[in-house]
Amino acid sequence: MDTWNQSFGASYKIRLVHILKNLHTSEVKIYSDASREFIELLDGDSGGEVLRDYVQQSPRLVELMEAWRLHREKPGMAYILSLFATVLGNPGGKSRQHAFSKKCLDAVARTILEDKDKVGDVYRELNSGEFRRQNAALDLLAAIVRRGAGLASEVAESFDFKMAVVTQLAGIQKKRGGRDGRNQKKGANFGSTRRSLVGFAMSFLEVGNPKLLRWVLQQRELYSGVLRGIGEDDAETVVYVLSTLRDNVLVEESLVPPGLRSVLFGSATLEQLSLISGNLDAGEAADLAHQVLVMVCTDPKNGLMPSSHLRGNEKRLLDLMKKLKSTESVHHKNLLLAIVSKRLSFCAAYMNEFPYNIEPRPSPSWFAAISLAADIISSAKTDSIFHSFLSHDLVSVDDEQVQVVLKCIVPHVCSRAVINRGLQHSDDLVKHGSLRLVFESVNLLCCVTEAINGVVSSVGSTSESSSSTKGKIRMNSFPGLSCSTATDAFLVDKLNQGDQMRVKRWISLREYIQDEVRGAIPDPQVLLKLLSSASQKHQNYSQSRLERRALVSEPPQKKQRCNAIDEDDDIIIGGIDVEWAKDVSEEQDQDLASDHATTLCEIWGLDKQDLEMKDAEVVDSVFHSKLLDVLRLYLRVMPSSFDGSFDFFRVIPPNPLDLSKDEQHSLLSLLVEYSGQHEGHWDPERVPESMYKHLQPLIDIMLHSPVKIIREQAYILVKAALASSGAYDQNFAEIDAWLLFLPGYEAKWSVRESLGVGVSNKLSQIVIPFLCDAVSMVGSNLYKYQDYMRKFISKSGQLEVYSPAFSPLVICVLQKCLRLLDSESGGMKVHEKSTISLYVCNTIYLILQSQVDAQLLLDLIGAVLNQRFDIFSPEELQSRIYIAEWRPFINLLHISRNISDQQNSSLFTAVEHSSELHSNSLSSVIRKVQEMLSQQHTNLPDDVATAFLFSIMCAAPQDIICSFPELLDVVKTHCPSHMQFLSSVLYLQHDYLAEIATCWPDIFFCSLRQIEGNLDVDEGKCQNHSISAELTALSTFLNVTPFCALLPSVLSLVFSGPAKTGEAHALLLDALVRLIRAKLYESIISELTFNLRVILFWSHRLLLSYTRKGSNVLEELCHVCSTLVDSIFERIRVLAADTADLNASAECFQDIVESVLHHPTIDLPCSLSNCPDLTDGSAEHVEEAFTSFSKENLHLVDGFVVNLLSKLYDLLLLAENDGQSLESLFASPKAMLGKILLLFKDKFQVCMDNGNFGLLLPNFYMVRALKKFMSPVRLLELVNWMFSELESRGSSCSAAFAPAAFVCLSIADIAMELLYDYLQQTDQRSESCQLWGLEIRSSDIATIQRVYHFILHFTAKLNLESADVCLLKMLIRIHNAERSAGQNTEYTAFHMMLSTMAINTPLSILHHYVDESSRRRHFYSARHGL
């Protein structure tokens, strides 16, 4: 000791020397005090440093070892062992950073284990029966174990776990404190060895060695004692034990097998843990016990929960579930639900012996019990829980799994009688509890039904894919090449029969489950009675609210005083202050309402902090909402229960907006289900009859609900209601046109959220009744209006050519609105008539633009309007433009006449207004509004905002243009929800954008730059503070204006040209085109289809005008339309690839095909291009002309049509990828391709007659541009016909022969290229191959051979270089096709025929190539890079 250096502080050195000397004395008190002092020193803040310095000076702890030797078998030995436990367990001696100290202390620990005397001393202390001595020995062993896996293994090997004392050490000798892991006072375990034993047992687990864990956990005497007594431990011990088990045993890295984990957590241990988790006072210990229980009971790897490959221990889990106090403890309830959610059998078994009475009664215990039962049923509807049930290939009704499912859906304890009594109970909360149980049962049935439907669908799709149509080859006239398909057909039939049997079994199983459940749950009539009662209660509540509002709005009446009473006197009755009694009563009512709300939240799992839960009517509103949800589920899984006897539209209240948001959502969800629209998109084929009678409240919700999902549901129902009238059977897309210009529709549906939503819209309250009345008239008198349309078509002489693609509602609305304007009654004011007139004309004009062929509707509009306005002279008619309610009709009449006249100058012109009558009264209105705002410093009141909009609507267009920036600023700032309505006011005024650009060029230009986020150009003008607000408002206006409302004004602006916009014309055009393209990129797929029709309408008008008198402006407009068409197809391709709704995509594709192929644009005169005269040209010149002819050489009309068809056929490729059969979808496109080939044949004949093949160039380009969509067989038929035509004319010496032969060979080369592509392996084919449905018949084989012989003839006899090139390429393709013939057996016979044809090529062809091989080789290599 004297040789130690001064690394210690002086005080530590002196103190430690004194301690070590005292350890060697024979007096018990002296060395026991010395050991305690040393322990205190090591446990201090600098204990680690003290220990390391001591070890540095005495690596083998000689002084301590000597003290052990001196006191062996003497009293006080426990103090020495405790000192060694502290030394070996000190963290400062175990860190790898201090390797020397760790190594020395490990050696000391190993010396103790290897010294039999020292081990004997430890055992002696353990068997002493004195708790201090036993604790010292256990602490020493635990300290050694914690030093590392090696020492832990040595202890585990040497320690006798079978000693009887081990079991005794786990007990508590003197109990102080409570049970269940509650926080106990310090010293509560005095006299106990349990804490030290727990530390010793957990020390092995803390080491975490997998091999050691698997061995040591088998020592049941040690760990069973630890876990069985854990319920008597204090919270600190419980947390220590459970956290060690959680982190070191119940993890995958521990490699402890499930069987051993199961043994570790026996029934007694699980019960102890459940007591801890259910103890409200246990705090962290309870949370940790719950966490461990969930892990042990739900994870199959822990040995209790069964799985597909692990047996588990269901009995132990069920016993635990029965012991849980799930209605009293949240942890117990969550544990129970966690177990149930893993396996249906647990749900069925527990509910079969449900330990609580659920006979309806208004008591807290019943509410807890019924909520628990509902939660258990709800927990069973997880996705993974049906895996075992659906994994059986053929499940029968007698299968045990089926009975388990039924017990989960309708447990025996929840009988129909019990639930009915609950639903009809006088207490509202008892009704809630019973309804919750019904809801969860039917919801689980819905999940089971959907799972079975998924199996049925998967079987059907598998069968469909296996029997999909493939290409076929029929070679009946070629002996030796016919292929027998009897075996394949037998296999296909066998597979289909098996699939049919599986489907029938699953369907019968589904029906059996539904029938069983239907007999066990309440009859639908009980629910309908409750619904009637709830609806009546809501109507009474709404009526009382209206009455209260009426009372509040009435002016206060003067009170009459009968008796004068001193206001300072208090009225005391029976010694009770009346005011105080009233306050107490109100407080009691509030407390009772709060208790009801709390119970309600517990029953339904609602948020207690939600402010809506504090509403006095929340109990009734929630019940109404949930009842509607239950009825929706009834309709989904058991629609026959109602037998069509109840019309659910009758439950729509007069003002559905008075319902809560949840009630609205539930009501609309029920109606969506009832109307057959629950697949996520509306289905016109499943719409109930006479649904249109309930249109008005549905539109109210769609326009005025602030919740997006509710508006979307209402939108689907509104479309279905309109379709139910039968008026839209010819064109369902027209429905959206009737909705677009509804005031408020744009603010709720299309406008961005930043613009907000007004609380009321009196404009819509004017239009909606008018529209609903018109729809009702058409629905009730559909045949009358259809007959009217037939008579009109007959009078127009177009009966055989045209069929109406618009609804009879157009006629009805036109006539109804005109009658309204003619009426002199004072029932409707001018601004109301103006609102309806504007809506009607805007909508009809939009419908006109959406027609594939607009001529019939154009004639109808002209006939109706001319009939009405022919009674006026031109002057009287002109004066009507200044009458607000007549102005929209005058504009519509002007537009229809301009379109019919087809004059370039009148295509976008508006009705002229006399400048003499221009008063600019709107400016004064705006000033008054601004003055009002400056005084109030608030937003416009709703009535004032509506009146302001009426003023705008009734103002002259020139007044609006002159005040446009200020007007927009006021609307955007104070009533932004009406911003888009302004676009409908100007919709019929085509030139309004051009006028704005003329009157306000700086603001207009800068607003466009602001939209693009680019203010670099003319930044000084754009940053002018005086116009910054106006340009921001104009930017917002352009952003929120719908595409259909913006397009005509943009085209009009382009048409106006530099005369209106000056030098900035090009920049403005570019910015506007980007703006409307951005609107297209934000549209959904159904909107894009409608927008495509609108673009094609204008494209047709512009192209038609261009063919009559071309101009640069018209050409520019046509290019704008072509750009928009490209953008639409690009966006549709993106949406079709991403959408999960394949039916919606298929319907969209079908609509696009009809819109394009039946559009008159396609029927415009073809081949208008300026073609060169090739009459006297050489063969080389003709070949160069055909090769170099490109899209730029096409006439504008031809180029537009080719581009449109190319985009259409490219889009059709996605339809097959979406699983859509092309049989019906591709019928019209195939017919169009056939028409193109027929036109090619006609033009070919004309060229043969006059010798000028320059006329064929546009047709040839069209075939070449669309070649990948054409069938190679049809092209080969065309080639064969052309070769036959050449042969029949015998014109080998004429001037037309060389160009004709080149055309024939070029088309033959295209056809053989396509055929070669199709003969490749499936994964190597191009996408366009799937459009053909290629079926090669014997006649087609003959055609191919005939074409091949023609090519041979041209090569050998006529010495045509183009024939040489065609033949060489054909032979190369045949050679390459042979490589894939063995892998693609589908066309083996055809490959054989091609090879035979090539092999039989005459030798004269070979001589022909040998004679001129050098020239041919150089020519071909230079031409094709071979």
Side-chain angles (χ1 to χ4, degrees), residues 358-360 370-371 373-374 377-378 381 409-411 413-449 513-541 600 603-604 617-653 656 659-660 662-676 678 688 694:
I358 62 171
E359 184 64 30
I370 202 70
S371 298
I377 297 174
S378 175
K381 65 176 189 297
I409 300 175
V410 281
V413 68
C414 307
S415 64
R416 171 184 276 195
V418 171
I419 299 175
N420 283 342
R421 286 196 294 272
L423 292 174
Q424 298 171 3
H425 201 277
S426 59
D427 187 89
D428 290 338
L429 291 178
V430 173
K431 290 181 181 179
H432 274 277
S434 302
L435 186 64
R436 167 80 196 288
L437 194 62
V438 177
F439 174 83
E440 297 301 344
S441 293
V442 183
N443 199 12
L444 181 56
L445 173 63
C446 186
C447 293
V448 173
T449 302
I513 294 176
Q514 290 176 347
D515 292 340
E516 291 293 317
V517 174
R518 187 182 295 112
I521 60 177
D523 188 87
Q525 295 303 320
V526 175
L527 301 178
L528 293 178
K529 184 178 179 180
L530 291 172
L531 179 62
S532 176
S533 176
S535 300
Q536 185 61 42
K537 186 179 294 186
H538 175 267
Q539 290 183 12
N540 295 338
Y541 173 67
L600 181 68
I603 291 175
W604 290 105
E617 303 296 330
V618 67
V619 174
D620 292 333
S621 65
V622 171
F623 184 81
H624 187 209
S625 172
K626 299 302 181 181
L627 180 58
L628 293 171
D629 289 337
V630 170
L631 288 169
R632 171 178 57 84
L633 295 176
Y634 265 70
L635 278 172
R636 174 168 295 185
V637 294
M638 297 178 294
S640 60
S641 300
F642 298 94
D643 197 22
S645 59
F646 188 82
D647 182 10
F648 282 95
F649 287 103
R650 287 164 42 196
V651 305
I652 303 178
L659 297 171
S660 67
D662 290 336
E663 287 178 289
Q664 291 181 36
H665 180 58
S666 299
L667 174 62
L668 294 185
S669 299
L670 170 64
L671 296 179
V672 166
E673 188 71 41
Y674 177 65
S675 58
H678 63 273
H694 309 279

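Excluded from the calculations below are hydrogen atoms, water molecules and symmetry mates; all remaining heavy atoms, backbone and side chain alike, are included.
- Taking 4.5 Å as the limit, some side-chain heavy atom of Val418 sits within range of a side-chain heavy atom of Pro360.
- Counted by atom type alone, Arg518 and Ser641 present one or more donor-acceptor pairs between their side chains at under 3.5 Å.
- Atom CG of Leu667 sits about 12.5 Å away from atom CG of Asp662, to the nearest 0.5 Å.
- How far CD of Glu440 is from CG of Leu633: 9.5 Å, rounded to the nearest 0.5 Å.
- Going from atom CZ of Arg421 over to atom CD1 of Ile358 covers 10.0 Å, rounded to the nearest 0.5 Å.
- Proximity of a side-chain donor or acceptor of His432 to a complementary backbone N or O of Val619 within less than 3.5 Å is detected.
- The backbone N or O of Leu671 lies less than 3.5 Å from a partner atom in the side chain of Ser675, making a donor-acceptor pair.
- Between the side chain of Ser532 and the backbone N or O of Leu528, no donor-acceptor pair lies under 3.5 Å.
- If you take CZ on Phe623 and CG on Leu531, they are separated by 9.5 Å, rounding to the nearest 0.5 Å.
- Within the 4.5 Å cutoff, the side chain of Ile377 has no heavy atoms near those of the Phe439 side chain.
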Kindly indicate, with the supporting measurements, whether the criterion side-chain contact (heavy atoms from CB on, under 4.5 Å) is fulfilled by His624 and Ser535. CA-CA 8 Å; His624 187 209; Ser535 300; 4.1 Å; yes
Run the side-chain contact (heavy atoms from CB on, under 4.5 Å) test on Leu435 and Trp604 for me, step by step, so that the C-alpha distance in whole Å, both residues' side-chain angles and the decisive distance to 0.1 Å come before the verdict. CA-CA 10 Å; Leu435 186 64; Trp604 290 105; 4.2 Å; yes
Hey, mind stepping through Ile513 and Ile409 against side-chain contact (heavy atoms from CB on, under 4.5 Å) and telling me if it holds? CA-CA 10 Å; Ile513 294 176; Ile409 300 175; 4.2 Å; yes
Walk me through it: do Tyr634 and Val438 pass the test side-chain contact (heavy atoms from CB on, under 4.5 Å)? CA-CA 10 Å; Tyr634 265 70; Val438 177; 4.1 Å; yes
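- A donor-acceptor pair is defined here as one N or O able to donate and one able to accept, closer than 3.5 Å; no such pair exists between the side chain of Ser666 and the backbone of Glu663.
- A side-chain contact (heavy atoms from CB on, under 4.5 Å) with Val410 holds for exactly one of Val442, Ile521, Leu445; it is Ile521.
- A pairwise comparison of heavy atoms in Ile419 and Cys414 identifies CD1-O, 3.7 Å as the closest pair.
- The structure places CD of Glu359 at 10.0 Å from CD1 of Ile370, a figure rounded to the nearest 0.5 Å.
- Under 4.0 Å is where a charged nitrogen must lie from a carboxylate oxygen, and between Glu673 and Arg632 no such pair does.
- For the pair Gln514 (side chain) and Met638 (backbone), a donor-acceptor distance under 3.5 Å is absent.
- Classification of the Phe649-His694 ring pair by plane angle, with boundaries at 30° and 60°, yields parallel.
- The main-chain N or O of Leu437 is found under 3.5 Å from a side-chain atom of Ser441 such that the two form a donor-acceptor pair.
- Taken from CZ in Arg636 to OG in Ser669, the straight-line distance is 9.0 Å, to the nearest 0.5 Å.
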